[in-house]
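Please see the structure below; I have some questions.
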Protein chains: 2
Amino acid sequence: MATRAGRNEINTPARILDVAERLVQQRGFNGFSYADVAKELGITKPALHYHYAGKAELGDALITRYAARFAQALDEIDANVVGAPAKLDAYATLYEDVLRDKRMCLCGMLAAEYQTLPKAMTKTVIRFFDDSERWLTHVLDQGRQDQTLHFAGTSTDAARMIVGALEGAMLVARPYGDVDRFRTTSAHLLADLTKPN
Amino acid sequence: MATRAGRNEINTPARILDVAERLVQQRGFNGFSYADVAKELGITKPALHYHYAGKAELGDALITRYAARFAQALDEIDANVVGAPAKLDAYATLYEDVLRDKRMCLCGMLAAEYQTLPKAMTKTVIRFFDDSERWLTHVLDQGRQDQTLHFAGTSTDAARMIVGALEGAMLVARPYGDVDRFRTTSAHLLADLTKPN
DNA sequence: GTCTATAGGCAGATAGAC
DNA sequence: GTCTATCTGCCTATAGAC
C-alpha cells in the first residue's frame, strides 16, 4: 500500500530528511524553509519541529546521514571494484549521479554557505571532506604501488586535487544543466592519473 | 579627508556594491540582506533601494561589475605576462587573492545558489564562466603551439577542467581556512600542464 | 539622496489541544 | 505524533517628508 500525505506515517523522520536533503542540495541551506518541507510532505511545521527541534539539528542530521551513505558507497567500491583506476572512476560516478539529479554535493553546497552555518554543522562538513580525502589517498597509494596510477607529489595532495576538481566541476556544470561538462572533466582527470610519466 | 558614515557621500552606489560584493562572496546571495549592507555603510534601507531598486537589480549590478573587473585583470595579464605557463599561474593567483580574503569567487558562490537566483542574474553568471573559458582556451592554444603546455583533448575541455578545479579548490579550502590547500592544487594543476608528455 | 515610518509577508519556533 | 493558533523577528519594499 502506497504512503499517503496527511496521515500518520512510519518513518516520518527519514521522509523529512529525504525532502530536506534534496532542497538543500538544489537550493542551499539558506534557500529552503521548514514550510517548504512541511508542504511537500503534507504535514505542518510543528510536526517537523517534533522530529528535528530546529534547523540546526535538521541540518546536522542531514550531513550525518549523507556522510554515512557516502562512506557506505565507498565501502561497496572497495568490495566490488578491482584496481585503483576503476575505483577512481567509480568514485567520480558517485558525483555524476548526484549531478544528474540536478543536485550539488550536499557538503559542497554547505561549503559554499560555510560562514553562515550553525556551528554544529561545520565540523560535520569538514569530516566529510576528510573522509573522502582519506579514502582517495589510500586508493592513490595503492595505484602508485602497483603502477596503475602515476602522479607527482604526495597522495594526499593528489587526493585534495581530485576532491576539489570534482566538486568544482559539479558546481560549474549545474548552471549549464550539462552533465557532459562534468563527465569530460572527470574523464580528463582520470586519464591524467593513469597516463605513464 | 577620509569618508565618514552617516553623511551624504559621493560614490554611494559603488560603496554599496563593495559591501554587498563581500557579503555575497562570504555568505551567499541568500545569506545577506539590505539591512546588513545599510548597517555597515551607516545609511538606511530606503537609501539602498534608491540606488538599487531591489535585490535582483543589486545582484545583477554586482555580477556585471565583477565580470568587468575580471575581464580587465585578464587583459592586464595578456599585456604584462609572457608565456602561457606564466599566464595560467597569474590566472590562478587571481583566485588565490580572493580566497585569501576568506571569500569565494562571486560567480562560484552564485553557481551554488543558481536555482534560487532572480532570472536576470543567471545569464550573467553563465557569461562569466564563458568568458573565463574563452580566455583560458586561447592561452592553452598558445601554449600548445609553442610547446610550453602539453595536454590531451581539446583546449576547451582543458579550460573547463581548469575553471572547475580552481573553483572547487576554493570551495573546499575555505571551510578549512587554508590558502595553502588551494595553492597546492593550483600548483599541481599547472605542473601537470607544463610537464612534457 | 537620505530620512522616518510602515506595510505585508515569511522566517524559525512554541503552547497547548487532541 | 500531529494539529491549530500564535509569537516574535527579520525580510523586501514603498510612501512621503526633508
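As a basis for the values below, the full set of heavy atoms in this structure was taken, side chains included, without hydrogen atoms, waters or symmetry mates. A, B, ... follow the sequence lines: proteins, then strands. Residue 1 opens every chain.
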Check this for me, if you would: do B:E133 and B:R127 make a salt bridge, where the nitrogen-to-carboxylate-oxygen distance has to be below 4.0 angstrom?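 Looking at B:R127 together with B:E133, the answer is no, because their closest N to O distance does not fall below 4.0 Å.
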Which of the following nucleotides, C:dT4, D:dC3, D:dT12, is nearest to the side chain of B:H49?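 Side chain of B:H49 sits closest to D:dT12.
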Categorize A:Y52 for me: base, sugar-phosphate, or nothing, with a 4.0 angstrom heavy-atom threshold over every strand shown.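 The answer is nothing, as A:Y52 stays clear of every strand by at least 4.0 Å.
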For B:S33, report the nucleic acid contact type (base, sugar-phosphate, nothing); a contact means any heavy atom under 4.0 Å.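 Answer is sugar-phosphate: B:S33 comes under 4.0 Å of backbone atoms only.
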Using a 4.0 Å heavy-atom cut-off, does A:Y50 contact any base of the nucleic acid, only the sugar-phosphate backbone, or nothing at all? base
Distance check needed: C:dC10 C1' versus A:K45 NZ, whole Å only.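 The distance from NZ of A:K45 to C1' of C:dC10 comes to 8 Å, rounded to the nearest Å.
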What nucleotide among C:dA11, C:dT2, D:dA13 has an atom nearest to a side-chain atom of B:T44? C:dT2
How about NZ on B:K195, more than 12 heavy atoms from neighbouring residues, nucleotides or ligands closer than 6.0 Å, or not?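 Yes - once you tally the heavy atoms of other residues, nucleotides and ligands closer than 6.0 Å, there are more than 12.
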Check the surroundings of atom NE2 in A:H138: do more than 12 heavy atoms from other residues, nucleotides or ligands lie under 6.0 Å from it? no
Separation of B:F32 atom CZ from D:dC10 atom C1', in whole Å?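 Checked: the CZ to C1' distance equals 15 Å.
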Roughly how many Å is it from CG in B:N30 to P in D:dC10, rounded to a whole number? 18 Å
To the nearest Å, give me how far apart NZ (A:K39) and C1' (D:dT2) are. 20 Å
In whole Å, I'd like the distance from the CZ atom of B:R27 to the C1' atom of D:dC10.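 Answer to the nearest Å: 13 Å.
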Does any residue of residues 54-65 of chain A have a heavy atom under 4.0 Å from DNA chain D, and if so, which ones, in number order? none
Rounded distance in Å - CG (B:L41) to P (C:dG1): 15 Å
Show, in sequence, the C-alpha distance, side-chain angles and deciding distance for A:S155 and A:D141, and conclude whether the side chain to side chain donor-acceptor pair (under 3.5 Å) test is met. CA-CA 6 Å; A:S155 51; A:D141 284 337; 2.8 Å; yes
To the nearest Å, give me how far apart CZ (B:R15) and P (C:dT2) are.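 From B:R15 CZ to C:dT2 P: 9 Å.
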Heavy-atom count check: over 12 atoms from other residues, nucleotides or ligands less than 6.0 Å from A:K39 NZ? no
Look at the rings of B:Y95 and B:F182 and say which category their plane angle falls in: under 30° parallel, 30 to 60° tilted, over 60° perpendicular.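 Parallel, since the angle between the ring planes stays under 30°.
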Does B:E76 reach the main-chain N or O of B:V81 with its side chain, forming a donor-acceptor pair under 3.5 Å? no
May I ask you to evaluate whether B:T12 reaches the phosphate of C:dT2, defined as a side-chain N or O under 4.0 Å from OP1 or OP2?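 For C:dT2, OP1 or OP2 has a side-chain N or O of B:T12 closer than 4.0 Å.
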By nearest atom, which of the nucleotides C:dC3, D:dT12, C:dA15 is closest to the A:P46 side chain?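 Looking only at heavy atoms from C-beta outward on A:P46, the closest nucleotide is C:dA15.
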Nearest-Å distance, OH (B:Y34) to P (C:dG8)? 21 Å
